[in-house]
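Only one structure is covered here, and it is reproduced in the block below.
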Amino acid sequence: MCVFRFWKSLLCVTIIITITLFAYSNIFMSEKHLRISPLAQPVGSTTPPESNTSTFPFHSSYWSRNRTSVTESSPYEKTDAYIISTYYYPKSKSLGENAIGMVLLMNRFTQEDMRKYQIQLVASNSFNQSVIAIPTLLEESYSNCAYINMVATGNGVSNMTKLEISDGQTKMQVFHNQSYSKIGNSPQIPFKMARTAAPAPVVICMSPQFAAEQWQLFVVHAHVARHFGAHIHLYITSLVDSFFDLAREYEKLGYVTLDFWLRLKFANASRDAVEPNLHSELRNQAGAESDCLLQYKEAAKFIMFFDLDDILIPRGFDNYFDEITSLYKRHPSIITFQYTKRELLTYNKPTIEDINIEEMLGHTWFVNEEDYGKIIADPSKLNSMWIHQSWNVEKNFISRTNYIIHLQKPVDSDSRDPVVYRRSDFEMMESMKFNTSILIPIQHDFERVSNFTHIRAIAEKLPKTTYYFSIIYRCYFEKFYKKPKKDSCPNGEGCQIPQRSDRNCVHSNAEFKSGPPMYPITYHYHINTHWTRETGCHA
């Protein structure tokens with residue numbers, strides 16, 4: 001024991017300090033190798049042996065996550081909410097029979113804790129049966145935006161034909177009908193039957209694209225996903241017109257499903273309404289992830305919540321399904337798995353004929369850092385989703401058995417680096433090498449499709465260089481990534497995007513409607529979604 005004698009005491013203290021410093025350095029030495037999202041940072045070591053479990057493994061160094069708590073005097077007298085989508089499940093493995101799922105954008109200042117807000121739903125059928133339901137509300141937001149993504153789940157009545165929202169005096173009706181109609185003065189908006197089948201056992205829910213022009217990433221991801229047994233569900237706010245035409249052809253071939261993601265509008269806003277796009281987090285990307293989850297909840301075996309520039313190559317398995325199944329077999333109590341990202345050096349090609357998937361993905365020029373990852377989940381275990389994880393999952397498991405290839409900043413086809421002010425340091429990392437022969441059949445499939453007559457005609461009109469990408473990236477960098485503000489609402493609103501007559505876009509659009517004034521929330525919605533071709537490209 002280190003007592004009684006001075007030299008023994010001194011020796012003991014020295015040993016303790018040495019051990020402490022060694023432990024500290026091992027815990028934190030790899031932190032510099034992990035690129036931090038301004039939204040969140042990993043806790044502790046980033047290099048556990050094979051995997052790491054934790055309760056909410058990410059936290060912010062810039063601000064703490066806002067859990068919608070406001071003071072007693074803060075709530076507004078009246079607020080607005082937007083109904084993004086509503087789904088009906090006659091039978092659901094996780095939600096039960098006659099279940100209802102709603103994705104909403106709600107004002108956090110409606111009351112002190114929006115998770116405790118009680119929406120009164122009245123579900124009815126053609127047999128004059130009705131049920132009053134108070135759904136469970138789940139919040140999926142992180143920053144300090146006024147509008148937050150909420151998912152409401154509850155149970156209604158069999159063969160539901162009508163769903164109403166009531167404040168006790170006024171009702172707003174939600175009908176299983178895609179067309180707009182009225183009964184008296186009561187507006188009707190549609191709900192949808194949730195999907196019962198998916199084109200593939202694994203669905204990749206892609207975050208919304210806006211002013212998007214990097215068709216090269218889309219083409220490569222579409223063929224990689226198809227080869228490894230996945231189907232892409234892609235949300236679109238705006239795409240360069242030739243890129244959109246190409247995506248539509250891939251939709252016809254079954255590689256992808258295109259879906260609308262709107263810039264929201266209130267037809268008749270309440271007195272205290274704030275603009276929804278400016279005051280929602282990152283264009284309400286979490287709403288798109290939650291919507292995709294509810295769509296495929298009973299149809300897909302697994303869902304991957306990715307961006308277009310996130311590509312996964314299975315490691316040790318022939319397809320995504322087998323790899324994800326193995327994760328759940330080894331860790332049956334886990335709800336969601338997260339793979340971190342590794343940025344790979346990549347070059348855009350000017351023409352579709354120049355694309356070589358083995359050349360693009362088969363080398364080892366990586367950034368020696370890990371990026372904040374993305375989630376893979378069994379949809380039957382999950383009811384809501386944020387961007388990088390669900391805040392309603394107690395334990396998120398970070399798997400080290402694989403990683404996501406991140407094609408974040410492709411060098412343009414004219415050899416111009418579009419993001420010179422935030423350059424990445426690449427190095428050859430031979431340990432990241434995989435058997436590139438698995439990419440050969442993917443290249444063959446790409447060459448087969450690219451030779452189709454319709455594809456070749458569209459390919460001649462595809463942009464050879466990017467224009468909007470560097471402008472939007474710079475705006476995000478200056479507004480958000482460069483100097484994060486503690487109480488800010490991160491999004492791309494206010495970005496100056498100079499328009500060009502030779503670079504036009506197809507936009508998602510709809511008829512925007514407002515329900516009757518209700519207390520304390522007036523609900524807004526849309527009907528008749530459609531694509532519109534417009535001069536210029538608006539985010």
Side-chain angles (χ1 to χ4, degrees), residues 68 75-76 78-87 100-111 114-115 117 119-121 135 137-141 143 145-153 163-167 170-175 178 180 187-192 208 210 235-237 259-295 384-387 489 491-493 507-529 539:
T68 73
Y76 297 157
K78 292 190 67 176
T79 61
D80 297 78
Y82 200 99
I83 302 173
I84 303 294
S85 55
T86 304
Y87 297 97
I100 301 161
M102 302 179 73
V103 180
L104 305 101
L105 199 64
M106 304 184 77
N107 193 315
R108 72 164 70 248
F109 298 109
T110 304
Q111 71 172 38
M114 285 302 295
R115 294 168 297 170
Y117 183 78
I119 300 176
Q120 182 172 302
L121 301 178
L137 286 179
L138 300 174
E139 177 194 345
E140 293 288 359
S141 67
S143 55
C145 300
Y147 288 104
I148 53 178
N149 176 54
M150 304 290 290
V151 175
T153 58
L163 182 65
E164 299 170 293
I165 301 176
S166 174
D167 66 357
T170 306
K171 289 182 179 180
M172 177 176 162
Q173 299 180 355
V174 187
F175 274 71
Q178 293 292 341
Y180 179 70
Q188 303 173 17
I189 61 176
F191 66 83
K192 300 176 182 178
F210 59 97
Y235 289 91
I236 296 173
T237 299
D259 206 346
F260 303 91
W261 198 247
L262 302 163
R263 286 184 54 81
L264 304 180
K265 299 176 184 178
F266 294 159
N268 296 297
S270 65
R271 183 185 64 189
D272 293 322
V274 291
E275 205 281 327
N277 301 289
L278 179 62
H279 295 279
S280 59
E281 181 183 85
L282 296 174
R283 313 175 67 82
N284 193 26
Q285 184 178 332
E289 308 290 13
S290 294
D291 176 81
C292 194
L293 170 63
L294 293 187
Q295 281 201 50
S384 61
M385 185 63 194
W386 184 58
I387 300 170
C489 178
N491 59 56
E493 291 300 297
H507 297 77
S508 61
N509 215 329
E511 295 179 45
F512 294 94
K513 303 292 180 180
S514 295
M518 299 171 68
Y519 182 84
I521 300 176
T522 294
Y523 294 89
H524 308 266
Y525 59 97
H526 60 266
I527 58 171
N528 299 333
T529 49

The reported gap from CG in Leu105 to NE2 in His279 (rounded to nearest 0.5 angstrom) is 11.5 Å

Thr170 meets the side chain to side chain contact (heavy atoms under 4.5 Å, CB included) criterion, sequence neighbours left out, with Asp167, Pro516, Met518

Q. Can you find a pair of side-chain heavy atoms, one from Leu262 and one from Ser508, that are under 4.5 Å apart?
A. yes

Between Ala288 and Trp261 the two heavy atoms that sit nearest each other are N-CH2, 3.2 Å

- Message: Under 3.5 Å, is there a donor on one side chain and an acceptor on the other for Glu281 and Ser143?
- Response: yes

Note to self: Do Met102 and Phe191 make a side-chain contact, defined as non-hydrogen atoms from C-beta onward lying under 4.5 Å apart?
What the structure shows: no

By ring pair (Phe, Tyr, Trp, His ring centres under 6.0 Å), Tyr117 pairs with (sequence neighbours left out) none

Sequence neighbours excluded, the answer for side chain to side chain donor-acceptor pair (under 3.5 Å) partners of Ser280 is none

Nearest heavy-atom approach of Met114 to Asn107 is SD-O, 3.6 Å

Taking every heavy atom of Val103 against every heavy atom of Gly287, the minimum-distance pair comes out as CG1-O, 3.8 Å

Contacts of Ala269 meeting side chain to side chain contact (heavy atoms under 4.5 Å, CB included) (sequence neighbours excluded), chain-then-number -> Asp80, Phe266, Ala273

Hits for side chain to side chain contact (heavy atoms under 4.5 Å, CB included) against Asn268, two or more places apart or cross-chain, chain-then-number order -> Ser514

- Will you find, in the side chains of Ser166 and Glu164, an N or O donor that is under 3.5 Å from an N or O acceptor? no

Inset, instruction - Go through the steps to decide whether Ile165 and Leu121 satisfy the test side chain to side chain contact (heavy atoms under 4.5 Å, CB included), and finish with yes or no. - result: CA-CA 5 Å; Ile165 301 176; Leu121 301 178; 3.7 Å; yes

Residues Thr110 and Pro520: closest non-hydrogen pair is CG2-CG, 4.0 Å

Looking only at heavy atoms, the pair that brings Asn149 and Met385 closest together is ND2-O, 3.8 Å

Applying ring pair (Phe, Tyr, Trp, His ring centres under 6.0 Å) to Tyr147 and not counting sequence neighbours gives none

Residues at least two apart in sequence or cross-chain that pass side chain to side chain contact (heavy atoms under 4.5 Å, CB included) with Ala81, listed by chain then number, are Met106, Ile521, Tyr523

Sorted by chain and number, sequence neighbours left out, side chain to side chain donor-acceptor pair (under 3.5 Å) with Glu493 holds for Arg263

For Asn284, the side chain to side chain donor-acceptor pair (under 3.5 Å) test, sequence neighbours excluded, returns none

When every non-hydrogen atom of His524 is compared with those of Ala267, the smallest separation belongs to ND1-N, 4.3 Å

Hits for side chain to side chain donor-acceptor pair (under 3.5 Å) against Tyr87, two or more places apart or cross-chain, chain-then-number order -> Asp291, Gln295

